[in-house]
Amino acid sequence: MTPKILVFAGSIRSGAYSGKTADIAQKELAQQGAEVTRISLADYPLPIVNQDLEAEEGVPDNAYKLARLFAAHDAILIATPEYNGSIPPLVKNTIDWVSRVRTDNGKPLRPYPGKVAAICSSSDGHFAGIRSAMHLRAVLSHIQMEVIAPQVSVPNGSEAFDGEGNFREERLRKSMQRLCRTLIEHASLLSRREGSNGSA
């Protein structure tokens with residue numbers, strides 16, 4: 001079965017390095033045979049997580065929409081920037097709101113547990129967002145996602161992409177190919193397991 005992979009960036013800024021990295025991942029995954037869905041978090045605005053708000057108004061509709069998307073895919077690839085040495089608030093807030101979704105129309109909905117995840121990071125400095133990637137890896141593991149080992153970390157973002165939006169460095173191109181290959185392999189195993197369970 002063809003694995004279904006969801007891709008998004010952790011920044012909605014025009015020209016964001018994480019957005020360019022997500023674009024490259026989307027192309028590479030499709031070239032390697034995956035069914036790819038690319039979204040922008042700008043299309044799913046959410047308030048800051050607030051349990052008083054949740055008690056009064058419930059979980060926001062956009063959190064449900066994202067939870068359904070996560071649950072409908074075998075794997076998720078997140079391309080994250082780094083803010084002050086850690087995960088940007090947009091990414092963490094999205095993850096936290098989606099984690100509040102437990103049921104959908106009375107049926108259990110599990111957007112995270114057992115899903116496969118891959119991480120890319122980027123920054124305009126030499127460290128390439130690796131601290132953000134490390135923190136994101138810990139969060140995704142905590143919510144019971146299977147985070148693959150390969151990751152792509154893009155340093156010096158202002159110089160990392162050519163005029164067509166591709167990586168300038170062969171090292172980064174090969175790293176993305178390896179990450180996507182590994183993600184597809186793990187997602188394919190999950191897809192086959194779920195298909196077998198569904199037909200039993």
Side-chain angles (χ1 to χ4, degrees), residues 1-12 16-44 46 61-80 90-91 94-95 97-99 101 104-105 107-122 133 136-137 139-141 143-154 161 164-167 172-200:
M1 298 177 67
T2 302
K4 298 176 66 176
I5 300 176
L6 183 69
V7 176
F8 64 87
S11 173
I12 57 175
Y17 311 135
S18 59
K20 293 180 179 181
T21 302
D23 290 341
I24 293 172
Q26 176 187 1
K27 293 175 188 176
E28 183 62 34
L29 286 165
Q31 287 175 0
Q32 293 194 25
E35 180 181 337
V36 187
T37 304
R38 174 80 156 89
I39 63 170
S40 170
L41 295 182
D43 296 326
Y44 304 89
L46 291 164
D61 287 344
N62 280 333
Y64 275 99
K65 291 177 183 178
L66 286 167
R68 293 180 193 119
L69 271 173
F70 287 16
H73 289 77
D74 302 302
I76 298 169
L77 185 149
I78 303 175
T80 183
L90 177 62
V91 174
T94 298
I95 290 171
W97 265 126
V98 172
S99 75
V101 178
D104 186 24
N105 292 321
K107 297 180 180 179
L109 186 65
R110 292 165 61 85
Y112 295 133
K115 299 294 182 181
V116 184
I119 297 170
C120 298
S121 66
S122 57
L136 181 56
R137 182 175 294 272
V139 170
L140 297 180
S141 297
I143 56 177
Q144 300 177 52
M145 299 191 80
E146 177 194 342
V147 189
I148 63 170
Q151 70 182 45
V152 176
S153 295
V154 182
F161 307 91
E164 296 180 351
N166 300 309
F167 288 135
L172 289 173
R173 291 194 291 270
K174 288 183 176 179
S175 293
M176 183 62 81
Q177 289 170 358
R178 177 173 175 246
L179 177 147
C180 291
R181 183 168 59 250
T182 304
L183 183 60
I184 289 171
E185 288 171 355
H186 284 247
S188 295
L189 287 173
L190 176 63
S191 180
R192 285 197 292 270
R193 285 200 304 265
E194 290 185 343
S196 297
N197 293 336
S199 62

(request) Start with the C-alpha distance between E28 and R173, add both sets of side-chain angles, then the distance that settles side-chain contact (heavy atoms from CB on, under 4.5 Å), and finish with yes or no. (result) CA-CA 9 Å; E28 183 62 34; R173 291 194 291 270; over 6 Å; no
(message) Just to verify, what does R178 make a salt bridge (Lys or Arg N to Asp or Glu O under 4.0 Å) with, not counting sequence neighbours?
(response) none
(message) Under the rule for salt bridge (Lys or Arg N to Asp or Glu O under 4.0 Å), what residues qualify as partners of D43, not counting sequence neighbours?
(response) none
Set of residues satisfying side-chain contact (heavy atoms from CB on, under 4.5 Å) with respect to [X], sequence neighbours excluded:
{"X": "S188", "result": "P3, I184, R192"}
{"X": "A75", "result": "I5, V116, L183, A187"}
{"X": "A16", "result": "S11, R13, S18"}
{"X": "A22", "result": "V7, A9, R38, A79"}

(message) Under 3.5 Å, is there a donor on one side chain and an acceptor on the other for R110 and Q144?
(response) no
Atom [atom1] of [X] and atom [atom2] of [Y]: how far apart are they, to the nearest 0.5 Å?
{"X": "L189", "Y": "E146", "atom1": "CG", "atom2": "CD", "value": "8.5 Å"}
{"X": "Q26", "Y": "L6", "atom1": "CD", "atom2": "CG", "value": "10.5 Å"}
{"X": "Q151", "Y": "M176", "atom1": "CD", "atom2": "CE", "value": "11.0 Å"}
{"X": "T37", "Y": "I39", "atom1": "OG1", "atom2": "CD1", "value": "8.5 Å"}
{"X": "I78", "Y": "L140", "atom1": "CD1", "atom2": "CG", "value": "5.0 Å"}
{"X": "I148", "Y": "T182", "atom1": "CD1", "atom2": "OG1", "value": "5.5 Å"}

(message) Quick one, L136 with I95, criterion side-chain contact (heavy atoms from CB on, under 4.5 Å). Give me CA distance, side-chain angles, the key distance, then yes/no.
(response) CA-CA 10 Å; L136 181 56; I95 290 171; 3.7 Å; yes
(message) V154 vs K20, test: side-chain contact (heavy atoms from CB on, under 4.5 Å). Steps then yes/no.
(response) CA-CA 10 Å; V154 182; K20 293 180 179 181; over 6 Å; no
(request) If the plane angle is over 60° it's perpendicular, under 30° parallel, otherwise tilted; pick one for F8 and F70. (result) parallel
(message) Between E35 (side chain only) and T2 (backbone N and O only), is there a donor and an acceptor less than 3.5 Å apart?
(response) no
(request) Report the C-alpha distance between L66 and W97 in whole Å, list the side-chain angles of each, state the deciding distance to 0.1 Å, and finish with yes or no for side-chain contact (heavy atoms from CB on, under 4.5 Å). (result) CA-CA 9 Å; L66 286 167; W97 265 126; over 6 Å; no
